[in-house]
Amino acid sequence: MSIVRKLLRPNIATLQPYSSARSEYFAKDAIFLDANENGCGSTATGGYERYPDPYQRHLKSKMAAVKRVDCNQIFLGNGSDEAIDLVIRAFCEPGVHEVLITAPTYGMYEVCGRIHGACMKSIPLDGDFDLDVEKMLSGLTRNTRLCFLCSPSNPTGNVLSRDRITALLEGFAGIVVLDEAYIDFCAELSLLPELKKFKNLIILQTLSKAWGLAGLRIGMAFGDPEIVDVLTQIKYPYNVNAVTQSLALQALDRQALMQEMRAVIVDERVKLCHELQRLSFVQRVFPSRANFLLVRMNEPVSVYRFLVSRGIIVRDRSQLPGCAGCLRITVGSREDNRALVIALNEYEVARREKK
Ligand SMILES: *Cc1c(COP(=O)(O)O)cnc(C)c1O
């Protein structure tokens, strides 16, 4: 039995998936009287009276070319958040199985895990926000099914070291989900080229960040075809709608535009980092490979409120483990970043006058 089969919940392993009308027969030129659609037309312009392809075949084949993987290694979801949810559903028996996460990390792993009744175990990152492999491995039990890693890490922005990720992949008998939501900002560091080496690796990516498609909701899970099949069997049949499929297909042809924007954002990130370091109330700007900066400062809540009063919204992360005093600031457009720096300089002046 394969490792994936062994790790699956029994109810999922034996599931007879729902077969939608459109998954049994999908072609362009036929008279479709199988799905109870409205053959007369649509109330929306654009012809949306037909159900979309449940397997997103066109989009996957383009994605396969862009990402240099095989079609059967790709799962597409309604955001990568859907994939997070499905992976937990597939592998974690409620009340029995454990999920290992790092502290700090992206909040959805814990929320999804708790919704599904998984026991969440959280292991601190080390002083450089890198993996503490020994601590991670010693946190494993025979009931640990999943481990979520995030690299570049949200909310810290750094990349986890490749050696440590692979050490965990090799030392752990369960599934490692590596969330690369921000990997387009440092594509050369992706573990995607290594996917075939590790049967227990799932890599999450998304079109929401560098590709600028957060509103469309497209996330990818790359993994062994056996894992992709399982996720496909348990998803909602039409989880990626027709508008999203067709716009994402167009967007993947505009890789050059994505790269251009990425370059601007990376350039802006470097400049913003320098500007922030000049502020007297800023203690530290953490190194980032993503499109945001984690910034440690005096009185983060008062800075946060001041920015809100100027119509600038950042994320207060000061309550997260290891992130005391920290705000997480997305690198915006040139104009956005300029407005931010002006506001922060005003805050600095106001603070000086108060003293
Ligand atoms: C933004 C983000 C996601 C969510 O991506 P969607 O595809 O928009 O659901 C996933 N993981 C991390 C770490 C993120 O920061």
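In this text, all values refer to a predicted model and were calculated from it rather than measured experimentally. We count ligands from 1, going down the list as the structure has it; atoms in each ligand are counted the same way.
- Distances from ligand 1 to the non-hydrogen atoms of Ala214 include no value under 4.0 Å.
- Nearest protein heavy-atom contact of atom 9 (O) of ligand 1 is Arg217 NH2, 2.8 Å.
- Note on Glu226 versus Arg5: salt bridge recorded, some NZ/NE/NH1/NH2 to OD/OE distance being below 4.0 Å.
- Less than 4.0 angstrom separates some heavy atom of Ser208 from each of these atoms of ligand 1: 6 (P), 7 (O), 8 (O).
- In this structure, Asp184 does not pair ionically with Lys209, as no charged nitrogen and carboxylate oxygen lie closer than 4.0 Å.
- For the residue pair Ser80/Gln205, the side-chain donor-acceptor check at 3.5 Å is not satisfied.
- Note on ring orientation: taking the six-membered ring where Trp is involved, the planes of Phe148 and Tyr109 are parallel (angle under 30°, cut-offs 30° and 60°).
- Considering both main-chain and side-chain atoms, Tyr109 never comes within under 3.5 Å of ligand 1 through any nitrogen or oxygen pair.
- In this pair, Tyr51 and Tyr238 present their aromatic rings parallel. The plane angle is below 30°, not in the 30 to 60° band.
- At least one N/O-N/O distance between Asp81 and ligand 1 falls below 3.5 Å.
- Of all protein heavy atoms, the one lying nearest to atom 14 (C) of ligand 1 is Lys209 NZ, 3.0 Å.
- Given atom 5 (O) of ligand 1, the protein heavy atom at minimum distance is Ser80 OG, 3.0 Å.
- A side-chain donor-acceptor contact under 3.5 Å links Ser333 and Asp336.
- Scanning the protein for heavy atoms near atom 12 (C) of ligand 1, the closest one is Asp179 OD2, 3.4 Å.
- Set against the non-hydrogen atoms of Thr206, the atoms of ligand 1 under 4.0 Å away are 5 (O), 6 (P), 7 (O), 8 (O).
- Scanning the protein heavy atoms around atom 15 (O) of ligand 1, the nearest turns out to be Tyr182 OH, 2.6 Å.
- Counting atoms of ligand 1 from 1 in the listed order, those under 4.0 Å from a heavy atom of Cys150 are 13 (C).
- Comment: Asp253 engages Lys62 in a salt bridge, judged by a side-chain N to carboxylate O separation of less than 4.0 angstrom.
- Figure legend: Arg145 and Phe91 shown without cation-pi pairing, the cationic atom not lying both under 6.0 angstrom from the six-membered ring centre and within 45 degrees of its axis.
- Taking every non-hydrogen atom of Gly79 and a distance limit under 4.0 Å, the qualifying atoms of ligand 1 come out as 6 (P), 7 (O), 9 (O).
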